Amino acid sequence: QVQLVESGGGLVQAGGSRRLSCAVSGRTANSGAMAWFRQAPGKEREFVAAITWSGGSTYYADSVKGRFTISRDNAKNTVYLQMNNLSPKDTAVYYCEAVTRYRGSSSLYHRDEYDYWGQGTQVTVSS
């Protein structure tokens, strides 16, 4: 059973930065992929970024390319999301999600690919 615990959310001013962390337990070493999704009030949860455990290939939503960076530390079983140049549009609950075996890189953009997710962490960007 994979368990995910997010941390690092909070209040930040527009233009600022924040780093989110996702601690992973119970995963099979070097398999699968991790992702960050986010959900703003009244909106559906949307893809933000993904990374594979093996090889570290990364994938981003167009809305965050060039501002956000996803990374992983295999030794610590932790995934990070570095968020720079934040805007109020980035305000949302951010969820860490995991898949132990994925179908292909294109599938990583879709929520139904993932088997596990955390409780979420709130990020609020003030203008």
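For the single chain, residues carry numbers from 1 onward in sequence order. What you see is a predicted model, and the numbers here were worked out from it, not measured in a lab.
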Stepwise side chain to side chain contact (heavy atoms under 4.5 Å, CB included) test for Thr100 and Trp53: CA-CA 10 Å; Thr100 53; Trp53 280 113; over 6 Å; no
Trace of the side chain to side chain contact (heavy atoms under 4.5 Å, CB included) decision for Val123 with Met83: CA-CA 10 Å; Val123 174; Met83 305 183 294; 3.9 Å; yes
Side-chain H-bond candidate by donor/acceptor type, Tyr80 with Arg19, under 3.5 Å: no
Name of the residue among Ile51, Val64, Leu20 meeting side-chain contact (heavy atoms from CB on, under 4.5 Å) with Trp36: Leu20
Check: Thr91 side chain, Val125 main-chain N or O, donor-acceptor pair, under 3.5 Å: yes
Check: Tyr94 side chain, Ser7 main-chain N or O, donor-acceptor pair, under 3.5 Å: no
Ile70 side chain near Tyr60 side chain, heavy-atom distance below 4.5 Å: yes
Rounded distance (nearest 0.5 Å) linking atom OG of Ser25 with atom CD of Gln1: 9.0 Å
Value rounded to 0.5 Å, distance of CG in Leu81 from SG in Cys96: 9.5 Å
Minimum heavy-atom distance between Gly104 and Ser107, given as atom pair plus value: O-OG, 2.5 Å
Sequence neighbours excluded - salt bridge (Lys or Arg N to Asp or Glu O under 4.0 Å) pairs with any residue from residues 113-127: Arg103-Glu113
For residues 11-18, please give each side-chain donor-acceptor pair under 3.5 Å, one per line with the distance, not counting sequence neighbours.
{"unit_1": "Ser17", "atom_1": "OG", "unit_2": "Asn84", "atom_2": "OD1", "d": "2.9"}
{"unit_1": "Arg18", "atom_1": "NE", "unit_2": "Gly8", "atom_2": "O", "d": "2.8"}
{"unit_1": "Arg18", "atom_1": "NH2", "unit_2": "Gly9", "atom_2": "O", "d": "3.0"}

Linked hydrophobic residues, Phe47 as query - side chain contacts closer than 4.5 Å: Phe37, Tyr59, Val99, Tyr102, Leu108, Tyr109, Tyr114
Side-chain hydrophobic cluster, 4.5 Å single linkage: members besides Val93: Tyr95
Side chain to side chain contact (heavy atoms under 4.5 Å, CB included) between Glu46 and Arg38, worked out: CA-CA 5 Å; Glu46 65 174 3; Arg38 66 186 182 186; 2.7 Å; yes
Test log, rule side chain to side chain contact (heavy atoms under 4.5 Å, CB included), inputs Arg111 and Trp117: CA-CA 10 Å; Arg111 270 216 69 206; Trp117 50 91; 4.0 Å; yes
Neighbour count >12 (heavy atoms, 6.0 Å) for atom CD, Glu44: no
Nearest atoms (heavy-atom pairs only) where Gln119 meets Val5: OE1-CA, 4.0 Å
Residue pairs fulfilling salt bridge (Lys or Arg N to Asp or Glu O under 4.0 Å) with at least one residue in residues 5-15, sequence neighbours excluded: none
Salt bridge (Lys or Arg N to Asp or Glu O under 4.0 Å) pairs, two or more places apart, involving residues 71-89: none
